[in-house]
Amino acid sequence: MKRSNHKAPVMNNVNESINQIKESNRFFELKSGFGKKYLIETHGCQMNEHDSEKLEGFLSQMNYVKTDAREEADLIIFNTCCVRENAELKIYGKLGALKHLKKKSKDLIIALCGCMMQQKHVVDYVQTTYPHVDLIFGTHNLHNFPALLQRTLEEEGAIIDVWSEEGEIIEGLAVSRKFGIKSFVNIMYGCNNFCTYCIVPYTRGRERSREVMEVVREVEELVSNGTKEVMLLGQNVNSYGKTLEGNVDFSDLLIKVAEIQGIQRIRFMTSHPKDLSEKLIETMGNIREICNHIHLPLQAGSNKVLKEMNRGYTQEEYLRIITKIKNRIPEIAITTDIIVGFPGEEEKDFEKTLKVAETVKFDSAFTFLYSKREGTPAARSSEHIAEDVKKVRFQRLKKLIDEIAYYKNQQLLNQTVEVLVEGSSKKNPNIYTGRTETSKTVNFPGDPSLEGKIVRVKILDAKTYSFDGEVKEVLS
Ligand code: 5AD
Ligand code: SF4
């Protein structure tokens, strides 16, 4: 078994590996009459989804064909998440279930990548418990995947290659896009914030921004291939540019992206409240293409808990930012992330979270039970909250968040909203779906000609998480 754990070594010749695997897959196809198939299962955030798109880009270059059926796959990749313990447990369950497939087909390759693999204790556990895993790599050497796959195909034993530190940003990877209409674009990688509950700074490394011109070039290419909406991704987009030469910030980047001919909508994720500038609020207000939506994680409403979390703002500062945003962009939707049951959270702290949720009236929120992550400062606390207490608080918060969302959504009943049509529903091919600028999901009867168009939809039913309506006008 081989393990490397080092800073960016000389990059293997990825293109050579792509060509060799492509040739061998072509030969396989000629012999058997069908191509080699892959299946990628992605867990976790949009960063991971986008990383999986990059893997898909490589795989399609290597003549692999996508399948949704595990039984017919020649290569199964789990792109893992470790932000909460549940996500890790799920992966272990799935790995156990793959054992019988590997027994049936010894040529099947099982690969693991993503944040979970950046933790040494996880890799050790996988090696000893799941010897049917063939390849393990991490978040920092995704660009090397073809070379790693080639070694896995050619060498005996498992290949394990996890880099402990990020290398240079690798530009120009072949990326296969899941949606032509909406596309993810990384603008930065890593995080320097070290919120005390969070594993991300340890798995994704230090913050580093892509050059403005690289981002612009990628968006231009996407738009010329039919993309209407881009989601700019970073763990903390508000600190974009800090690692770049010159004086460039996130607002400057947004202005450049908005200048691209044909771009219709720009979204971004995630904003950190401590770095959200007035310049950004002004830029959002001024530029039509930037969607009226901001995802601004609150995490907790109590100043004591926020301090323990190392979030760098108080409840009052958070509320002041919200007021500024709402004053400048009254129609904006505000969504958030909230953690319940952080160590030391008392009933009175939790009630402050409820109070902030009521005051802000979030359009929606991702709510999480605090999950202890090995290696993070909060995990070492002596004040962990009992699971049953956490769960009761979680239900109380969820109920409030849903009531507010339902109430807010009712205001849109009989109104007409603009929706970018993404495609048809999986369950019913005659029902189409899309999002408003405020990121609300709207379903309506439609046909394929609407895909990628912006349509005006009259809202006929408003629920907690989505709307039903009918198309009144096709705008573009
Ligand atoms: N426990 C629970 N939730 C967490 N998050 C991050 N780490 C943890 C943890 N240890 C949540 C935060 C973050 C979101 C992506 O995941 O709310 O914003
Ligand atoms: Fe984790 Fe905090 Fe960084 Fe977000 S800002 S990725 S919560 S450390």
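Start at 1 and go down the list; that is how both ligands and their atoms are numbered.
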Q: Under the salt bridge (charged side-chain N to carboxylate O under 4.0 Å, His left out) rule, what do Lys355 and Glu351 come out as? Steps first, then yes or no, please.
A: CA-CA 6 Å; Lys355 191 85 209 330; Glu351 280 170 12; over 6 Å; no
Show the atoms of ligand 2 that are less than 4.0 angstrom away from any heavy atom in [X].
{"X": "His272", "answer": "5 (S)"}
{"X": "Phe194", "answer": "8 (S)"}
{"X": "Val200", "answer": "6 (S)"}
{"X": "Asn193", "answer": "5 (S)"}

(Q) Just checking: Cys195, one of its N/O/S atoms, less than 2.8 Å away from atom 1 (Fe) of ligand 2, yes or no? (A) no
Could you tell me the residue and atom name of the protein heavy atom closest to [atom], and the distance to it rounded to 0.1 Å?
{"atom": "atom 3 (Fe) of ligand 2", "answer": "Cys191 SG, 2.3 Å"}
{"atom": "atom 1 (Fe) of ligand 2", "answer": "Cys198 SG, 2.3 Å"}
{"atom": "atom 18 (O) of ligand 1", "answer": "Asp337 OD2, 2.6 Å"}
{"atom": "atom 4 (Fe) of ligand 2", "answer": "Gln235 O, 4.4 Å"}
{"atom": "atom 1 (N) of ligand 1", "answer": "Ser371 N, 2.9 Å"}

Q) With side chains defined as the heavy atoms from C-beta onward, is the minimum distance between Glu346 and Ser302 less than 4.5 Å? A) no
(Q) Is it the case that the ring center of Phe145 lies less than 6.0 angstrom away from the ring center of Phe137? (A) yes
Q.
Angle between ring planes, Tyr130 versus His132, binned at 30° and 60°: parallel, tilted or perpendicular?
A. perpendicular
Q: Test Leu232 against every option in Phe184, Tyr240, Phe250 by the side-chain contact (heavy atoms from CB on, under 4.5 Å) rule and name the one that passes.
A: Phe250
**Q.** Donor on one side chain, acceptor on other, Lys274 and Asn193, under 3.5 Å
**A.** yes
Q: Go through the side-chain N and O atoms of Asp275 and Asn236 and say whether any donor and acceptor fall under 3.5 Å apart.
A: yes
For ligand 1, is any non-hydrogen atom under 4.0 Å from [X]'s backbone (N, CA, C, O), its side chain (CB onward), both, or neither?
{"X": "Gln299", "value": "side chain"}
{"X": "Val83", "value": "both"}
{"X": "Thr270", "value": "neither"}
{"X": "Tyr197", "value": "both"}

Q) Under the criterion salt bridge (Lys or Arg N to Asp or Glu O under 4.0 Å), which of Glu229, Glu289, Glu437 is the partner of Arg267? A) Glu229
Run the numbers for me: atoms of ligand 1, each under 4.0 Å from some heavy atom of [X], listed by number.
{"X": "Tyr370", "result": "1 (N), 2 (C)"}
{"X": "Ile339", "result": "3 (N), 4 (C), 5 (N), 12 (C), 17 (O)"}
{"X": "Arg84", "result": "1 (N), 2 (C), 3 (N), 4 (C), 5 (N), 11 (C), 16 (O)"}
{"X": "Leu369", "result": "1 (N), 2 (C)"}

**Q.** 4.0 Å heavy-atom contact, Thr376 with ligand 1
**A.** no
Q.
If you count every heavy atom of other residues, nucleotides or ligands that lies below 6.0 Å from Asn247 atom CG, does the total exceed 12?
A. no
Q | Atom CD of Glu374: over 12 foreign heavy atoms under 6.0 Å | A | no
Q.
I need the contact type for Tyr197 against ligand 2. Using non-hydrogen atoms and a strict under-4.0 Å cut-off, is it side chain, backbone, both or neither?
A. side chain
Q. When you look for heavy atoms under 4.0 Å from ligand 2, do you find them on the side chain of Pro201, its backbone, both, or neither?
A. side chain
Q) Would one find an N or O of Arg373, backbone or side chain, under 3.5 Å from an N or O of ligand 1? A) no
Q. Does Arg204 have a heavy atom less than 4.0 Å from any atom of ligand 2?
A. no
Q: Please check if the side chain of His293 supplies one atom and the backbone of Phe268 the other of a donor-acceptor pair under 3.5 Å.
A: no
Q. Would you find a donor on one side and an acceptor on the other, under 3.5 Å apart, between the side chain of Gln411 and the backbone of Tyr407?
A. yes
**Q.** side chain to side chain contact (heavy atoms under 4.5 Å, CB included) between Arg210 and Tyr189, worked out
**A.** CA-CA 8 Å; Arg210 289 178 72 194; Tyr189 300 93; 4.0 Å; yes
**Q.** Quiz item: cation-pi between Arg396 and Phe350, 6.0 Å / 45°
**A.** no
